[in-house]
Amino acid sequence: MAKIVIIGAGPTGLSAAYHLEKKGFFDYKIFEKERMPGGLCRSIQQDGFTFDFTGHLLHVNNPYFSSFLEKLVGFHNLNSITRRSFIYSHGTYTRYPFQSNLFGLPDEVIVDCIEGYATRKKKKTQNKSFHEWVLENFGNGMGKHFFFPYQKKIFSYDLHKISAAWTGRFVPKTTLRDIIRGSLRDMHAASVGYNANFFYPKTEGISFWVNQIAQQLESPIYTDFCVEEIDVSQKCITFTNGHTEHYEHLITTMPLDRLIHSLKESSAMHLEPAANKLLCNKVVNFNLGIAHADVSSKHWIYYPEQHYPFYRIGFYHNFAESLVPYGHSSLYGELAYLNETPKQITAKVRRSIKEAKKVLGINSRDIATEAILPIEHAYVIYDFWREKHLPKIHATLHDHQIHSIGRYGEWKYASMQESVLDGKAVIDRLLIIPAQQVSYTHTMYDTQQEYEVQ
């Protein structure tokens, strides 16, 4: 038995373990269902190429996280990169973000966007849908030409049924002055948005930085331990390999829907019906190794138009030279779905690769290798059911000493920085105040400012 058990050795779980040890607490165990730590921050090596489980970039704007990275990873081991990202629509490339960079689009599209912004109307609606939020903040033109088709692709869900609560710092605002200026010329020097600058490991892909955290731990990480059942009354976890582990407090980063399905509930919980109400789409990440060096100089490209099944393509070789053999390049593409059959997804992936090669001018003979990586939990759907019921779910779990944290544990959209801070925050709550005196208030941590005051 361990006083604290951690489920999941991704950034959040590793952060929790690290901050336990930093406080001198070693009566814990950490379990991971995969054969290696990292969660979705994993990389694979294939035919001399390194591919991540889709695009992962380190965004740093929190002083504590900055010092954490410097101490455990070292900024000398990271490339500091200024973003080169674009949108491809109407047969041309425009800079990200769309709402401030209309230069190069057809005249009628620019007119639509400016007119829509200038004539937009605000309503006194408290719980706005994402569709309403776009109309109020950007107008119908920008909604039509970018936001609506792109977000429909990425969420695979009705935008009228999605809350705008997730937008926060992830969708940059604009002004009429910025729109006009960005329509008249290429604003190549402008740095807008939370991801204008980022870091990426010089070697080994995105897995490098989480491996550095894992190597700092004195306690072992138990891999190949997949949760089968959690007996809430007995405070006992049964794993699929037959191992059982008792706990006093359980910190879990496993997806919240899976957590609820695994619970052998007490009579007071009644969470099982909620599991199927928690919506999250899936993503297929296709990766191509290219046998020449000039596939693209961009970091990533957004594709809002429905002709392209994927919503984004990124280029690993522009993050770090070590990710490809000399004289080669590589890319990753992402396509999302919610309720499609395996046969439909297979066809969609093949069509995506075909269209990616076509739009980027890649010949089939130039493909050195290919890797398809499915991601079962990708983008959390911020529907209105989630907004109403999620705090109650977390409060109920907390009443039973279960702390569900991280991107999928809290069922939210979050960065790797936030994952580390989530791990720190739960340990601060558990160890600063005696467990029986913990007063729990669920915080979604949807904005970075909440971390910066800590």
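The residues of the chain are indexed from 1 along the displayed sequence.
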Please test F53 against V283 for side-chain contact (heavy atoms from CB on, under 4.5 Å), starting from the C-alpha separation and ending with a verdict. CA-CA 10 Å; F53 274 70; V283 161; over 6 Å; no
Name the residue from F146, F147, F86 that meets the ring-ring contact (aromatic ring centres under 6.0 Å, His included) definition with F98.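 So, applying the ring-ring contact (aromatic ring centres under 6.0 Å, His included) to F98 and each of F146, F147, F86, only F146 qualifies.
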Member of F148, Y382, W166, Y413 meeting the ring-ring contact (aromatic ring centres under 6.0 Å, His included) criterion with F155: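 Considering F148, Y382, W166, Y413, a ring-ring contact (aromatic ring centres under 6.0 Å, His included) with F155 is found only for W166.
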Set of side chain to side chain contact (heavy atoms under 4.5 Å, CB included) partners for N363, sequence neighbours left out: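 Once residues adjacent in sequence are excluded, the partners of N363 under the side chain to side chain contact (heavy atoms under 4.5 Å, CB included) criterion are R365, D366.
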Contacts of K161 that satisfy side chain to side chain contact (heavy atoms under 4.5 Å, CB included) - sequence neighbours left out: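 Applying side chain to side chain contact (heavy atoms under 4.5 Å, CB included) to K161 gives Y157, D158.
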Can a donor-acceptor pair be found, under 3.5 Å and without considering hydrogens, that links the side chain of [X] to the backbone of [Y]?
{"X": "E34", "Y": "M36", "value": "no"}
{"X": "T253", "Y": "I7", "value": "yes"}
{"X": "R84", "Y": "R95", "value": "no"}
{"X": "H400", "Y": "T396", "value": "yes"}
{"X": "S404", "Y": "G409", "value": "yes"}
{"X": "N285", "Y": "Y332", "value": "no"}
{"X": "S330", "Y": "L288", "value": "no"}
{"X": "R42", "Y": "G39", "value": "yes"}
{"X": "H389", "Y": "W385", "value": "no"}
{"X": "T167", "Y": "A164", "value": "yes"}

Should we say atom [atom1] of [X] is surrounded by more than 12 heavy atoms from elsewhere, each under 6.0 Å from it?
{"X": "E387", "atom1": "CD", "result": "yes"}
{"X": "E321", "atom1": "CD", "result": "no"}
{"X": "D294", "atom1": "CG", "result": "yes"}

Partners of H261 by ring-ring contact (aromatic ring centres under 6.0 Å, His included), sequence neighbours excluded?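 Partners of H261 under the ring-ring contact (aromatic ring centres under 6.0 Å, His included) test: none.
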ring-ring contact (aromatic ring centres under 6.0 Å, His included) involving H299 - partner list, sequence neighbours excluded: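 Checked H299 against ring-ring contact (aromatic ring centres under 6.0 Å, His included); matches are F198, F319.
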How many angstroms lie between atom [atom1] of [X] and atom [atom2] of [Y], to the nearest 0.5 angstrom?
{"X": "M416", "Y": "L69", "atom1": "CE", "atom2": "CG", "result": "9.0 Å"}
{"X": "N339", "Y": "N281", "atom1": "CG", "atom2": "CG", "result": "10.0 Å"}
{"X": "Y303", "Y": "I154", "atom1": "OH", "atom2": "CD1", "result": "14.5 Å"}

Assess whether side-chain contact (heavy atoms from CB on, under 4.5 Å) is satisfied between I362 and L331, documenting all intermediate values. CA-CA 11 Å; I362 301 170; L331 64 83; 3.7 Å; yes
Apply salt bridge (charged side-chain N to carboxylate O under 4.0 Å, His left out) to [X] and list each qualifying residue two or more places apart in sequence or on a separate chain.
{"X": "D178", "value": "R181"}
{"X": "E272", "value": "none"}
{"X": "R350", "value": "E370"}
{"X": "E376", "value": "K282"}

According to salt bridge (Lys or Arg N to Asp or Glu O under 4.0 Å), does anything in residues 298-318 pair up with another residue at least two apart or in another chain? List the pairs.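 Checked against salt bridge (Lys or Arg N to Asp or Glu O under 4.0 Å) - neighbours excluded - the pairs reaching residues 298-318 are R312-E334.
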May I ask you to check whether [Y] and [X] place their ring centres under 6.0 Å from each other?
{"X": "Y88", "Y": "Y93", "result": "yes"}
{"X": "W300", "Y": "Y96", "result": "no"}
{"X": "F138", "Y": "Y117", "result": "no"}
{"X": "H90", "Y": "H145", "result": "yes"}
{"X": "Y302", "Y": "Y311", "result": "no"}
{"X": "H328", "Y": "H317", "result": "no"}

Taking atom types as modelled, find out whether D257 and H377 have a side-chain donor-acceptor pair closer than 3.5 angstrom.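 Yes, a side-chain donor-acceptor pair sits under 3.5 Å.
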Give a yes-or-no answer on whether the side chains of S322 and T203 include a donor-acceptor pair shorter than 3.5 Å.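 No, no side-chain donor-acceptor contact under 3.5 Å.
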Name all residues meeting the side chain to side chain donor-acceptor pair (under 3.5 Å) criterion together with S364; count only those two or more places apart in sequence or in a different chain, and write none if there are none.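 S364: side chain to side chain donor-acceptor pair (under 3.5 Å) contacts with K357.
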Which residues pass the side chain to side chain donor-acceptor pair (under 3.5 Å) test with H307, not counting sequence neighbours?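 Only E355 meet the side chain to side chain donor-acceptor pair (under 3.5 Å) criterion with H307.
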Given Y64, F65, F68, the one that forms side-chain contact (heavy atoms from CB on, under 4.5 Å) with Q417: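 Single side-chain contact (heavy atoms from CB on, under 4.5 Å) partner of Q417 among Y64, F65, F68: F65.
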E340/K348 salt bridge by N-O under 4.0 Å criterion: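 The answer is yes: the pair qualifies as a salt bridge.
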Could you tabulate the donor-acceptor pairs under 3.5 Å formed by side-chain atoms of residues 204-216, not counting sequence neighbours?
residue: S207; atom: OG; partner: S43; partner atom: OG; Å: 3.4
residue: S207; atom: OG; partner: E204; partner atom: O; Å: 3.0
residue: N211; atom: ND2; partner: S207; partner atom: O; Å: 3.2

F310 vs Y308 aromatic rings, parallel, tilted or perpendicular, using cut-offs 30° and 60°?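 Tilted, since the angle between the ring planes falls between 30° and 60°.
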According to the interplanar angle, ranging from 0 to 90°, do the rings of Y408 and W411 count as parallel (below 30°), tilted (30 to 60°) or perpendicular (above 60°)?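 Taking W411 first and then Y408, their aromatic rings stand perpendicular (interplane angle over 60°).
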L14 and P11, any side-chain heavy atoms less than 4.5 Å apart: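 Heavy-atom side-chain distance check fails, nothing below 4.5 Å.
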